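Heads up: the structure comes next, in structure tokens.
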Number of protein chains: 2
Amino acid sequence: MTAEHAAPDAPAAAAQQQRRAPTLEAVAELAGVSRATVSRVVNDSERVSPEARDAVNAAIAELGYVPTRAARSLVTRRTDTIALIMHERSDTVFADPFFASMLRGVNHALTSTDLQLVLIQIQGDPQRDRALRYVGNGHVDGVLLISLHGDDALATSVSKAGVPLVMAGRLLTGDRVDSVDADNVGGARLAVRYLVTAGRRRIATIAGPQDMSVGVDRLRGYTEEMQAAGLPGSADWIATGDFTEAGGRAAMERLLTEHPTLDAVFAASDLMALGALQALRAAGRRIPTDVAVVGFDDTALAPYADPPLTTIRQPVERLGEEMVHLLLRRINDSAGAGSGAGADPSAVVLPTELVIRSSA
Amino acid sequence: MTAEHAAPDAPAAAAQQQRRAPTLEAVAELAGVSRATVSRVVNDSERVSPEARDAVNAAIAELGYVPTRAARSLVTRRTDTIALIMHERSDTVFADPFFASMLRGVNHALTSTDLQLVLIQIQGDPQRDRALRYVGNGHVDGVLLISLHGDDALATSVSKAGVPLVMAGRLLTGDRVDSVDADNVGGARLAVRYLVTAGRRRIATIAGPQDMSVGVDRLRGYTEEMQAAGLPGSADWIATGDFTEAGGRAAMERLLTEHPTLDAVFAASDLMALGALQALRAAGRRIPTDVAVVGFDDTALAPYADPPLTTIRQPVERLGEEMVHLLLRRINDSAGAGSGAGADPSAVVLPTELVIRSSA
DNA sequence: TTGAAAGCGCTAACAA
DNA sequence: TTGTTAGCGCTTTCAA
């Protein structure tokens with residue numbers, strides 16, 4: 001109250017400020033029914049007469065009633081909230097459009113429900129513990145986990161706490177939790193097969209970090225397809241990067257030094273492919289005529305590659321959506337069954353796609 | 001109690017699953033004090049004896065107690081939750097790293113508090129209304145608004161509902177709400193001044209959408225600095241894009257057609273600058289010797305520009321942090337004052353920075 | 001400095 | 001089909 005004469009002059013404004021949100025009680029009174037009936041209408045119970053329902057709905061509309069989450073939560077023991085936990089080590093990773101696309105998918109899948117999404121970002125051990133306690137104590141109905149680097153322990157902890165969990169990717173430990181992933185092995189094989197079909201024989205790869213399932217799987221796809229094509233392929237045709245542009249550049253330089261005669265490269269990520277392109281150009285190699293490059297594209301960065309990059313497209317947005325779908329199913333399961341470990345974990349795998357771009 | 005004799009076969013598992021989180025009551029009992037005292041300790045009340053405090057803290061640690069949000073919320077009428085509302089029209093905008101960086105800043109500023117961040121994405125009128133009802137009915141303590149296209153009505157609505165609000169950017173209507181923005185006018189002037197200093201005279205600009213303060217301000221900076229430099233500059237040296245790469249390319253092509261002799265371009269966003277670069281290269285113009293390009297860089301995309309792009313860097317992450325800081329202040333204000341319109345809205349403006357890159 | 005008691009707004013038995 | 005009633009876990013007067 002810094003205003004004018006303080007109290008008596010501005011009652012309207014004060015009232016507007018202070019006015020509490022309408023409660024079930026108010027709706028019940030206006031509709032001429034009991035609180036229980038209003039609650040039934042709000043929660044779509046079938047045991048309500050049409051008249052009562054109409055009266056309640058009218059009252060709700062008139063009052064602009066919206067249920068209070070806290071009160072409902074307190075009695076139902078549901079929170080109507082799911083957490084998106086992302087574990088990131090380095091700053092650069094966060095700026096990755098991968099994250100934005102995934103988030104978009106998650107959000108999209110969530111709009112039809114009235115679940116709330118809370119973001120939890122883990123950067124260090126204290127935060128990690130805090131998050132674990134948070135989800136472990138029933139403050140969310142379920143957890144979506146994006147572990148950008150293989151922190152399998154986190155997934156296992158959450159899972160053990162009895163909280164429904166869906167992760168992106170796959171646990172390297174072999175422990176089984178519900179997960180959604182793109183077909184990284186298949187995608188990588190597609191990439192290499194494309195290069196083989198184009199007549200390339202001296203095909204190198206820039207692999208991703210081997211502490212993440214994505215990195216492991218894409219390298220495996222490369223190895224498998226090379227073998228299938230009867231191509232030599234030894235360990236020193238593999239350079240490992242960290243999914244960043246700089247890492248890709250460095251890896252490419254290494255490969256060029258050791259194998260000046262290479263005629264194709266499969267990069268396990270778009271950023272690394274971009275780096276490879278730069279290194280090749282700097283080395284005076286012609287792309288794609290001299291060296292063909294195929295990159296794995298999780299994001300939307302490919303358009304910035306010049307010359308155009310042939311890519312394996314991963315449906316990141318759908319990945320986010322599928323994670324939500326699976327999680328919702330698990331949450332329902334656990335509500336119904338009440339206890340027990342529930343069904344076997346399922347691992348949804350989304351197909352990838354080869355996008356061939358012509359050099360303009 | 002559905003337990004009892006129901007499931008004699010798996011009591012341990014059931015117990016582990018069903019075990020409820022410890023309550024205040026349990027802590028009180030273990031510590032040998034009343035619930036009220038535990039509550040005081042948890043909420044850092046000063047009126048607690050050291051002995052009681054120690055006993056309570058020990059009990060909390062032993063039990064792993066974490067307060068239940070819902071219960072607390074119900075009585076305090078705070079939700080300890082703030083909403084990040086983003087209004088997006090087109091799909092492309094969301095994938096913008098701008099968003100990820102800002103979110104990172106927001107999250108960072110939030111980790112020291114125990115506020116929860118919920119994401120609300122608005123895509124159409126129904127969702128808009130829903131969001132408005134949601135925040136209007138006291139389900140969040142405050143709102144952060146990122147209106148990618150000028151939807152001033154949303155900001156005004158939220159603000160009128162009496163909910164603390166901080167927006168990114170500035171309202172074009174002139175209505176005053178709390179906001180945080182980068183110094184777009186100053187940044188644009190910096191860009192143009194740099195070009196002028198480098199000896200350029202025929203400087204065109206690719207402006208952003210004129211329904212957003214960012215677009216308007218950056219164009220204004222261009223105009224002001226051109227005038228200050230005594231350079232002609234007429235309306236047809238201005239091509240408007242939509243902050244996308246394609247838009248930048250199209251705008252650049254238009255400019256090249258109408259002004260083949262231009263020797264510099266100021267692009268009001270990084271994506272548009274990238275597009276401009278492509279168009280220039282396609283037209284056979286040499287960058288930067290023939291045409292100098294300076295872009296406004298909100299994101300982290302500049303590294304992908306080849307040749308290197310001289311940019312005006314905007315501290316997007318700090319922008320997110322500052323929004324949170326301001327919002328927290330406002331939330332405290334409104335809690336203290338109780339009512340009234342509060343202090344004058346403040347508009348925080350963050351400095352920008354010119355980053356000069358050499359063509360490798 | 002502490003405890004007893006009331007009640008936040010809602011749902012879920014249980015009765016009617 | 002409806003209403004009555006008893007809490008969910010917490011904070012907060014008010015007394016002691």
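Chain letters run A, B, ... following the sequence lines, proteins first and then strands; every chain starts at 1. This one's a predicted model, so the numbers in the text were calculated from it and none came from an experiment. Values reported hereafter were calculated over all heavy atoms of this structure, with side chains retained and with hydrogens, waters and symmetry mates removed.
Here A:Asp178 pairs with A:Arg330 in a salt bridge; the nearest charged N to carboxylate O distance falls below 4.0 Å.
Contact annotation: A:Arg78 side-chain N/O to C:dT11 OP1/OP2 distance is not under 4.0 Å. The phosphate of D:dT2 (OP1 or OP2) has no side-chain N or O of A:Arg35 nearer than 4.0 angstrom. The phosphate of C:dT11 (OP1 or OP2) has a side-chain N or O of A:Ser39 nearer than 4.0 angstrom. For the OP1/OP2 pair of C:dG3 and a distance below 4.0 Å, the side-chain nitrogens and oxygens of B:Ser34 include at least one atom meeting the criterion. When the side-chain nitrogen and oxygen atoms of B:Ser49 are compared with OP1 and OP2 of C:dT2, one or more of them lie within a distance under 4.0 Å.
As rounded to whole Å, 18 Å separates atom C1' of D:dG9 from atom CZ of A:Arg72. Atom pair A:Leu74:CG and D:dC8:C1' shows a separation of 4 Å (rounding to whole Å applied). Atom P of nucleotide D:dT2 and atom CG of A:Asp54 are separated by 11 Å, given to the nearest angstrom. Atom CG in B:Asp80 sits about 15 Å away from atom C1' in D:dG9, given to the nearest Å. In this structure, the CZ atom of A:Arg53 is 10 Å from the P atom of D:dT1, given to the nearest Å. Atom NE2 in B:His139 sits about 12 Å away from atom P in C:dG9, given to the nearest Å. For the pair B:Glu29 CD and C:dG3 P, the computed distance is 13 Å after rounding to whole Å.
Each of A:Leu24 and B:Gly32 lies near DNA chain C, and the nucleotide nearest B:Gly32 is the one positioned closer to the 5' end. Checking A:Glu51 against B:Thr68, the closest nucleotide of DNA chain D that is more toward the 5' end is the one next to A:Glu51.
Nearest nucleotide to the side chain of A:Arg47, out of C:dT2, D:dG3, D:dT2: D:dT2. Counting only heavy atoms from C-beta on, B:Ala36 has its side chain closest to C:dA4 among C:dT11, C:dG9, C:dA4. Picking from D:dT11, C:dT2, D:dG3 the nucleotide with the shortest atom distance to the side chain of B:Val48 gives C:dT2. Comparing D:dT11, C:dT11, D:dC8 by their nearest atom to the side chain of B:Asn43 picks out D:dT11.
In terms of heavy-atom proximity, B:Thr79 sits nearest to B:Gly138 at CG2-O, 3.4 Å.
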Handout entry: Stepwise side-chain contact (heavy atoms from CB on, under 4.5 Å) check, A:His139 with A:Thr81
Key = CA-CA 8 Å; A:His139 293 288; A:Thr81 295; over 6 Å; no

Exercise for the section: Applying side-chain hydrogen bond (donor to acceptor under 3.5 Å, both in side chains), run through B:His108 and B:Glu321 and close with a yes or a no. Expected result: CA-CA 7 Å; B:His108 184 246; B:Glu321 291 178 19; 3.3 Å; yes

Exercise for the section: Take A:Leu115 and A:Leu328 through the side-chain contact (heavy atoms from CB on, under 4.5 Å) test and state the conclusion after the steps. Expected result: CA-CA 10 Å; A:Leu115 273 76; A:Leu328 292 181; 3.9 Å; yes

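Residue side chain A:Arg40 reaches the base of D:dG3 through a donor-acceptor N/O pair under 3.5 Å, judged by distance alone.
Within the nucleic acid shown, A:Ala52 comes within 4.0 Å of sugar-phosphate atoms alone, with no base atom in reach, counting heavy atoms only. Nucleic acid contact class of B:Val42 (heavy atoms, under 4.0 Å, all strands): none. Within 4.0 Å of B:Thr37, counting heavy atoms only, lie sugar-phosphate atoms of the nucleic acid but no base atom.
Using a distance-only test at 3.5 Å, with no hydrogens or angles considered, a donor-acceptor pair links the side chain of A:Arg176 to the main chain of A:Pro345.
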